[in-house]
Amino acid sequence: MEQHTQQVTPLMARRLDPARLLTGGAALAAAVVAVVAGVSMAAGDRRGMVLPLAAVAGIAVAVLALTRFAGYVLLMLAVRSCVDLFKLTGPSAGQADSAGTARAVDPSTLLAVLFLLAAGLWLAAQLSRHGRLRGSPLGWAMLLVGASSVVSALGASRPANSLLEALRILTVVVMFVVLEQLMPDTAAIRRVLLACYASLVLALGYTVVLSLLGNPPAEVKGDFTRISGTFSQSTTFGRYLMFMVIFGFAVYRFLGRRLRVSLGVLLALSLLFLLLTNTRSALLGAAIGLVVVAALHRSKRMLVTLCVVAVAGVALVPAVGERFAQLGASRAVGGDPTGNTLAWRIGYWTEIVTLADRNPVTGIGPNMTQRETDEAKKPHNDFLRAYVETGLLGLGAYLLMLFAFLHTARRALRRAPPGSFERGVAVGFTGCAAAFVAVSAASNVISNVVTLWYFVAFAAAASVIARQPAPNLTGEQPRGTSVPV
């Protein structure tokens, strides 16, 4: 009898093993989710298909965030470029989204909430452990931008919609603060940048595969078909590629041979799809940023290459030339990209600037301009948007942030050793910052939160370099400058 009991007890222990129970429960949950998603897909219910998958993915990501936070952040940077593929609401770039607060159930919004919660807990733990967090003038300026957005949202006529936009802006601010803590040295900078360009691999891979299958991801605007990639709007894809191209060209010469080959392929594809997005602001921003990079690298070859690419691009993609030719058209059109949208912008700016008179201190609230005008459009000017939607308080914070971008870039250029990878990072962020400021004058850059995640990743890397001691240049020769760009 005793022997029988000894045989049964281990058997019962194996049956009650927590690991086995968790594995079985996870398998059962995955099976249920797969069935529900499959039924919903067959019925044409996109929400019923996406939400169960998002719930399971959210639980898995939450576990990763609580156990391996650094890995979680790198994963977020790697996959964020593809999250819009599962968007439930329609595109809202440049105009009021008809879904309103329905955007709260979009995977991108749920991802933002999860990130803010996980980052808040992690930052609190870091503060408790070390007594302080790494900081920078740029970090404080961005925190002021986030705080002014929240204050303005609380006084908006539709606080729910406005607070949702403030939350999205806060994710950008918190991402910068988190990355400053996670990048103590060059090795950590390389890991973060690798995650950023892993996102580019996913975005370009998806676009290339669908294009080869004869169904490229695109949208039709007026007379043009524009590639949108993994994003809901071609303008978002264009600005994402803008930052990736500028920074990629800056660090290219400081990479090893194999990485240069891989990055070269990515940059070639990125330039092609940037042209096919036909986003004028992104094309101009990329040109400005690349000229800055070429000037700082003192590379005549790069300048000549850029001129050749520009001429070839217009010749091979005539729609690009036609799109820029619209700026001379006499007909001013807003959302329809068939007409002089620059003339429309100027007229719209004179209309919306008076909205700030209602509350000149804190503004009418983030994301509220298009809800207060007949045309229901966003401002298409981030300087004006900061004033109208967040008042003088928000405009001051926004201008301070732009100054901090340029100050960080200048300081990083001074602190980075000549001919080093750090120098490439500093040059890349300087080019991206120049493009950001230029494009912000006629676009809704601050609305493209997904692209800003990568921009602030580059900013955080430059901020880390800016805090380093100044190099001793006595007798030092540049390293790696002979590598062709």
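Along the sequence shown, residues are numbered consecutively beginning with 1. All figures in this text were calculated on a predicted structure; none of them were measured in a lab.
Side-chain atoms of Leu170 and Phe115, non-hydrogen and from C-beta on, never get closer than 4.5 Å to each other. For the pair Lys378 and Thr369, the minimum side-chain heavy-atom distance is 4.5 Å or more. Between Ile364 and Arg371, the closest side-chain pair of non-hydrogen atoms is not below 4.5 Å. Looking at heavy atoms from C-beta onward, Tyr252 lies out of side-chain contact with Leu259 at the 4.5 angstrom threshold. Met175 is not listed as a side-chain neighbour of Val172, based on a closest heavy-atom distance of 4.5 Å or more. Annotation: side chain of Thr279 is not in contact with side chain of Met242 (no heavy-atom distance under 4.5 Å). Using a 4.5 Å heavy-atom threshold, the side chains of Leu241 and Leu200 count as touching. For the pair Val437/Phe405, no side-chain contact is recorded, criterion being any heavy-atom separation below 4.5 Å from C-beta on.
With Arg411 contributing its side chain and Ala466 its backbone, the two residues share a donor-acceptor pair below 3.5 Å. For Ser128 (side chain) and Ala124 (main-chain N/O), no donor-acceptor pair under 3.5 Å exists by modelled atom type. The closest donor-acceptor contact from the side chain of Tyr206 to the backbone of Leu85 lies at 3.5 Å or more, if one exists at all. A donor-acceptor contact shorter than 3.5 Å is absent between the side chain of Ser232 and the backbone of Asp84. The backbone N or O of Ile446 sits less than 3.5 Å from a side-chain atom of Asp382, completing a donor-acceptor pair. Checked by atom type and distance alone, the side chain of Thr171 pairs as donor or acceptor with a backbone atom of Arg168 at under 3.5 Å. Remark: side-chain polar atoms of Ser270 are paired, donor with acceptor, to backbone N or O of Leu266 under 3.5 angstrom. Proximity of a side-chain donor or acceptor of Arg423 to a complementary backbone N or O of Pro417 within less than 3.5 Å is not detected. Put simply, the side chain of Asn381 gets close to the backbone of Leu384: a donor and an acceptor are under 3.5 Å apart. Side-chain N or O atoms of Gln181 include one that pairs as donor or acceptor with a backbone N or O of Arg134 at under 3.5 Å.
Note that the OG atom of Ser162 and the CG atom of Leu154 stand 8.5 Å from one another [nearest 0.5 Å]. Distance check, rounded to the nearest 0.5 Å: CD of Gln233 to CG of Asn444 gives 10.5 Å. Distance check, rounded to the nearest 0.5 Å: OG of Ser443 to CG of Leu284 gives 9.0 Å. Leu290 contributes atom CG, which lies 5.0 Å from atom CG of Leu306 (distance to the nearest 0.5 angstrom). With rounding to the nearest 0.5 Å, the separation of SG in Cys196 from CZ in Arg80 is 13.0 Å. Of the inter-residue distances, the one linking Ser199 atom OG with Leu75 atom CG reads 11.5 Å to the nearest 0.5 angstrom.
Using modelled atom types and a 3.5 Å distance limit, the side chains of Glu219 and Ser228 yield no donor-acceptor pair. Checking Ser262 against Tyr197 by side-chain atom types alone, no donor-acceptor pair falls below 3.5 Å.
Relative orientation of the Phe69 and Trp122 rings is parallel, given thresholds of 30° and 60° on the angle between their planes.
Here the rule is side chain to side chain contact (heavy atoms under 4.5 Å, CB included) with Phe436, and of Thr451, Ile288, Leu452, Leu406 only Leu452 fits it. Looking at Val439, Val445, Thr235 one by one, the single match for side chain to side chain contact (heavy atoms under 4.5 Å, CB included) with Ser281 turns out to be Val439. For the side chain to side chain contact (heavy atoms under 4.5 Å, CB included) with Glu422, the qualifying choice from Ile189, Leu413, Thr186 is Thr186, the only one to do so.
Here the shortest heavy-atom pairing between Val192 and Ala457 reads CG1-CB, 4.3 Å. Smallest separation of non-hydrogen atoms from Gly229 and Pro217: O-CB, 3.4 Å. When all heavy atoms of Ala412 and Ala462 are compared, the closest pair comes out as CB-O, 3.6 Å. Across every non-hydrogen atom of Gly285 and Ile246, the tightest pair is O-CD1, 3.7 Å. Between Val145 and Ala397 the shortest heavy-atom distance is CG2-O, 3.5 Å. Summarising the geometry of Thr207 relative to Thr230, their closest heavy-atom pair is OG1-N, 4.4 Å, with the distance given to 0.1 Å.
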*Going through the distances and angles, do Glu389 and Ser152 end up as a side chain to side chain donor-acceptor pair (under 3.5 Å)?*
CA-CA 7 Å; Glu389 297 189 348; Ser152 299; over 6 Å; no
*asked:* Run the ring-ring contact (aromatic ring centres under 6.0 Å, His included) test on Phe254 and His297 for me, step by step, so that the C-alpha distance in whole Å, both residues' side-chain angles and the decisive distance to 0.1 Å come before the verdict.
replied: CA-CA 11 Å; Phe254 304 109; His297 278 329; 5.6 Å; yes
*asked:* side chain to side chain donor-acceptor pair (under 3.5 Å) for Arg239 and Asn448? Distances and angles first, verdict last.
replied: CA-CA 8 Å; Arg239 288 168 194 152; Asn448 296 145; 2.7 Å; yes
_Is there a ring-ring contact (aromatic ring centres under 6.0 Å, His included) between Phe176 and Trp453? Walk through the geometry before answering._
CA-CA 8 Å; Phe176 177 84; Trp453 270 31; over 10 Å; no
*What's the verdict on side-chain contact (heavy atoms from CB on, under 4.5 Å) for Phe237 and Ser81, showing C-alpha distance, side-chain angles and the deciding distance?*
CA-CA 9 Å; Phe237 190 33; Ser81 63; over 6 Å; no
_Thr430 vs Val293, side-chain contact (heavy atoms from CB on, under 4.5 Å): CA-CA, chis, key distance, verdict_ = CA-CA 8 Å; Thr430 304; Val293 169; over 6 Å; no
*Hey, mind stepping through Met244 and Leu267 against side-chain contact (heavy atoms from CB on, under 4.5 Å) and telling me if it holds?*
CA-CA 8 Å; Met244 290 297 178; Leu267 292 177; over 6 Å; no
*Run the numbers on Thr390 and Tyr398 for side chain to side chain donor-acceptor pair (under 3.5 Å), then give the verdict.*
CA-CA 10 Å; Thr390 57; Tyr398 183 75; over 6 Å; no
*Apply ring-ring contact (aromatic ring centres under 6.0 Å, His included) to Phe429 and Phe455, showing your working.*
CA-CA 8 Å; Phe429 175 65; Phe455 175 68; 5.7 Å; yes
_Before you tell me yes or no, could you show the steps for Leu167 and Leu116 under side-chain contact (heavy atoms from CB on, under 4.5 Å), namely the whole-Å CA-CA distance, both residues' side-chain angles and the distance that decides it to 0.1 Å?_
CA-CA 9 Å; Leu167 179 145; Leu116 287 177; 3.7 Å; yes
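For the salt bridge (charged side-chain N to carboxylate O under 4.0 Å, His left out) test, residues two or more places apart in sequence or in another chain that qualify with Arg467 are Glu180.
Between Phe247 and Phe458, the distance separating the two ring centers is shorter than 6.0 angstrom.
Arg385 and Glu165 are joined by a salt bridge, as a carboxylate oxygen and a charged side-chain nitrogen come within less than 4.0 angstrom of each other.
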